[in-house]
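This report concerns only the one structure given below.
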Amino acid sequence: MKAILIKNAQLVNEGTITTADVLVKDGRIAQVGQNISAPADETIDATGLHLLPGVIDDQVHFREPGLTHKATIASEARAAVAGGVTSFMEMPNTVPNAVTQELLQDKFDIAANTSLANYSFFMGATNDNLAEVMLTNPNTVCGIKIFMGSSTGNMLVDNAETLEQIFKKALLPIAVHCEDEQTIRDNMAIYEERYGEDIPVKCHPEIRNEAACFKSSFMAVKLAEKHNTRLHILHISTEEELALFRNDIPLQEKKITAEVCVHHLWFDKEDYDTLGSQIKCNPAIKEARHKKALLQGLLNDKLDIIATDHAPHTWDEKQGKYKKAPSGVPLVQHSLQLMLEFVKEGEISLEKVVEKMCHAPATLFNIRQRGYIREGYWADLVLVDLNKPYSVSKENIQYQCGWSPLEGKELSATITHTLVSGHLAYAKGTFDESKKGERMLFDR
């Protein structure tokens with residue numbers, strides 16, 4: 001592999017910003033310091049740029065296998081890398097669902113051949129695959145995913161005894177989607193009676209409401225407390241749920257953790273008027289009070305990481321009526337840039353963004369030698385120009401679905417370079433796919 005020397009960067013790492021050089025050799029960070037003059041195959045002058053650890057997104061849906069008309073691991077990994085996301089953890093509700101060790105391995109095999117980013121895949125739990133779930137290797141798989149709410153295929157786990165057994169026996173972190181199915185069904189019946197088949201999309205947060213989220217999250221937390229389970233609750237979307245989480249101990253001591261997704265920080269209920277089903281997702285984007293509370297939850301460490309729940313659908317699929325239009329938003333290419341908008345507005349520090357998007361996912365999932373700019377660690381690195389505006393357009397959207405709810409939006413920062421495991425995978429709009437990403441490993 002090429003040796004790469006990054007010179008004069010503003011290095012953002014572990015709570016500080018310092019001017020530094022970074023030498024990358026054999027896929028690793030060989031040296032961090034001042035005035036490094038070691039020989040290198042390529043030198044990048046990073047004067048005026050900020051150097052961050054690569055973003056680790058713990059929640060994406062890349063659709064392969066089975067739904068490759070929407071996206072592939074290859075297409076969405078490219079989009080991720082273009083946005084400074086160097087590692088992803090993908091969810092099991094593909095077709096077929098990844099609920100056996102063989103089906104899980106199939107996805108790892110596809111990624112090994114096609115993913116420009118580093119990768120891992122969650123093992124899916126169902127009401128009747130406990131024995132298969134227990135075969136999952138905690139050192140080579142990121143976690144177990146449970147849908148405690150609506151989901152794809154057979155993946156809604158609503159059997160109380162099954163949930164007890166998974167929480168009791170799991171050797172890996174359990175990541176849960178928390179929305180109470182019965183609450184949602186009851187609400188849907190009310191709106192169907194009121195509107196028939198013409199339910200306005202703006203009613204989505206009233207159907208999948210705060211009560212549905214809190215009831216399910218509360219149950220998950222109680223199960224985890226009962227069994228001392230390592231629980232991670234995905235995409236928190238309500239102010240009320242923040243009361244379930246602690247901020248009085250360090251992240252590495254937490255057994256129960258939580259994340260927020262960029263769209264729940266960025267959009268609110270009023271945006272349905274202009275974007276409609278483009279921002280229909282589960283859990284729903286809700287009233288503005290929630291996004292303000294969620295941002296505060298990040299700042300006070302009730303919320304531990306920032307993710308995307310990247311979930312592409314074709315444009316045509318999204319144009320259907322409310323009940324037909326699928327839930328999910330493509331976001332992985334622009335998540336870091338969106339968070340840099342909050343930095344520009346003074347609502348969060350750049351150091352805090354790096355903590356929540358890079359350091360914390362690595363700590364929370366015990367990822368081996370990633371998420372920090374440290375000598376000996378894998379060289380997952382992103383260079384950002386905070387002073388170069390970037391306009392989201394069809395010409396630069398990398399998603400296979402070809403659209404984004406951010407189209408036409410001018411963002412204030414540009415991702416200029418992305419290194420994935422020491423390979424310069426993206427530079428100034430150009431990809432180098434001569435080397436694929438690495439499978440992430442976990443110290444558990």
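Keep in mind it's a predicted model, so treat the numbers as computed, not measured.
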Please verify the inter-ring angle class for [X] with [Y]; under 30° counts as parallel, over 60° as perpendicular, anything in between as tilted.
X	Y	value
Phe218	Phe214	parallel
Tyr372	Tyr377	perpendicular
His334	Tyr399	perpendicular

Compute both the distance and the angle, then confirm whether Lys280 meets the cation-pi test with Tyr322: under 6.0 Å from the six-membered ring centre, within 45 degrees of the axis. yes
Does [X], at its [atom1] atom, have more than 12 non-hydrogen atoms belonging to other residues, nucleotides or ligands within less than 6.0 Å?
X	atom1	value
Lys255	NZ	yes
Lys202	NZ	yes
Glu253	CD	yes

Does Glu90 have any salt bridge (Lys or Arg N to Asp or Glu O under 4.0 Å) partners at least two apart in sequence or in another chain, and if so, which? Lys107
Glu347: partners by salt bridge (Lys or Arg N to Asp or Glu O under 4.0 Å), with sequence neighbours left out: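 Residues passing salt bridge (Lys or Arg N to Asp or Glu O under 4.0 Å) with Glu347: none at all.
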Test side-chain hydrogen bond (donor to acceptor under 3.5 Å, both in side chains), reference Ser237, set Lys286, Glu210, His264, Lys291, output is Lys286
Between the side chains of [X] and [Y], is a donor N or O closer than 3.5 angstrom to an acceptor N or O?
X	Y	value
Thr126	Asp128	yes
Arg28	Gln369	yes
Arg370	Ser421	yes
Asn282	His177	no

According to ring-ring contact (aromatic ring centres under 6.0 Å, His included), who are the partners of His417, at least two apart in sequence or on a separate chain?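 By the ring-ring contact (aromatic ring centres under 6.0 Å, His included) rule, His417 matches no residue at all.
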Results of ring-ring contact (aromatic ring centres under 6.0 Å, His included) for Phe342 - residues two or more places apart only: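 For Phe342 the ring-ring contact (aromatic ring centres under 6.0 Å, His included) partners, ignoring immediate neighbours, are Trp266.
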What side-chain donor-acceptor pairs closer than 3.5 Å can you find for residues 134-148, not counting sequence neighbours?
from, atom 1, to, atom 2, distance (Å)
Thr136, OG1, Gln101, NE2, 3.0
Thr136, OG1, Val133, O, 2.7
Asn137, OD1, Asn139, N, 2.8
Asn139, ND2, Phe442, O, 3.2
Asn139, ND2, Arg444, O, 3.2

For Lys25, give me all partners under side chain to side chain donor-acceptor pair (under 3.5 Å), at least two apart in sequence or on another chain. none
